[in-house]
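Here's the structure, in structure tokens; my notes come after.
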Amino acid sequence: MKKFILYIMLIGFFSFAPNAMAHGMEDLPYAVELSDQTQPEKVVLSPNPANTVTHIRVNSTSQLRVTEVAVYSVLGSQLLQKSFDAMSDQNIQLNVSSFKKGKYLVKIMFSDGTTEVKTLIKQ
């Protein structure tokens, strides 16, 4: 993971905060670390937006297996649920042809107990 470190030297800080010296803050280091949080997605819905079918593709570098998929409306009602065993084919497709146009939440559960929620747009 790339990390970018930005050190901010607060030259003249004490001129803007005259009480800092009185409160023992003269020896504090001032640095900010910014890390690049760009990581490959664990799972991708494709196509998205979808008309009839969308596929769930797990990142090929991941050792995780999908164990369950559930689709919810934005109001929270469950519209679809599918379970998979660890040995099942991970080429997962969801038939969304009966869904009305709009946004849906796809909750994907993995073999390690983690979950990921993706937004699906039905056209």
Side-chain angles (χ1 to χ4, degrees):
M1 175 190 311
K2 294 181 183 178
K3 285 197 172 195
F4 299 99
I5 299 176
L6 172 65
Y7 288 97
I8 300 173
M9 302 303 290
L10 297 176
I11 299 172
F13 172 78
F14 297 116
S15 65
F16 295 107
N19 293 333
M21 293 288 275
H23 295 290
M25 295 172 49
E26 63 273 7
D27 294 327
L28 293 177
Y30 294 96
V32 176
E33 180 179 334
L34 302 175
S35 62
D36 182 7
Q37 296 296 324
T38 308
Q39 297 177 359
E41 294 183 89
K42 262 198 269 190
V43 66
V44 174
L45 297 178
S46 173
N48 190 12
N51 288 318
T52 55
V53 173
T54 189
H55 298 270
I56 298 174
R57 301 190 200 299
V58 178
N59 185 331
S60 61
T61 61
S62 174
Q63 299 298 318
L64 297 177
R65 308 285 293 175
V66 174
T67 57
E68 190 174 312
V69 174
V71 180
Y72 298 89
S73 72
V74 291
L75 299 176
S77 54
Q78 187 174 356
L79 305 173
L80 177 73
Q81 181 176 0
K82 287 186 173 186
S83 295
F84 307 93
D85 68 33
M87 303 311 278
S88 66
D89 181 21
Q90 292 291 289
N91 183 16
I92 300 167
Q93 66 179 23
L94 300 176
N95 184 347
V96 296
S97 61
S98 64
F99 294 1
K100 293 180 183 176
K101 290 182 180 182
K103 286 186 179 182
Y104 296 89
L105 300 175
V106 180
K107 183 178 179 183
I108 303 153
M109 284 138 280
F110 296 98
S111 54
D112 67 349
T114 61
T115 62
E116 189 161 323
V117 177
K118 293 289 193 179
T119 301
L120 170 67
I121 298 173
K122 166 62 165 82
Q123 287 187 331

Those residues at least two apart in sequence (or on a different chain) that pass side chain to side chain donor-acceptor pair (under 3.5 Å) with N95 are S97
NZ on K101 to CG on N51, rounded to 0.5 Å: 8.0 Å
Distance in Å, I92 CD1 paired with T54 OG1, rounded so as to fall on 0.5 Å steps: 11.5 Å
Residues which pass side chain to side chain donor-acceptor pair (under 3.5 Å) with K42, listed by chain and number, not counting sequence neighbours: T114
Residues V58 and L64: closest non-hydrogen pair is CG1-O, 3.9 Å
Could I get the full list of ring-ring contact (aromatic ring centres under 6.0 Å, His included) partners for F99, not counting sequence neighbours? Y104
Would you check if V43 and I56 make a side-chain contact, meaning some heavy-atom pair closer than 4.5 Å? yes
Honestly curious: do M109 and F84 fall in one hydrophobic cluster under the side-chain, below-4.5 Å linking rule? no
Using the side chain to side chain contact (heavy atoms under 4.5 Å, CB included) definition, which of the options L120, L79, L80, T52 pairs with V96? L120
With side chains defined as the heavy atoms from C-beta onward, is the minimum distance between I121 and N48 less than 4.5 Å? yes
Side-chain heavy-atom pair K82, L94 within 4.5 angstrom cut-off: yes
Donor-acceptor pairs under 3.5 Å, side chain of residues 68-76 to any protein atom, not counting sequence neighbours: which ones?
from : atom 1 : to  : atom 2 : distance (Å)
E68  : OE2    : Q81 : NE2    : 2.7
S73  : OG     : L75 : N      : 3.2
S73  : OG     : G76 : N      : 3.4
S73  : OG     : S77 : N      : 3.3
S73  : OG     : S77 : OG     : 2.9

Could you name each residue pair satisfying salt bridge (charged side-chain N to carboxylate O under 4.0 Å, His left out) that touches residues 105-123, not counting sequence neighbours? E41-K118, E116-K118
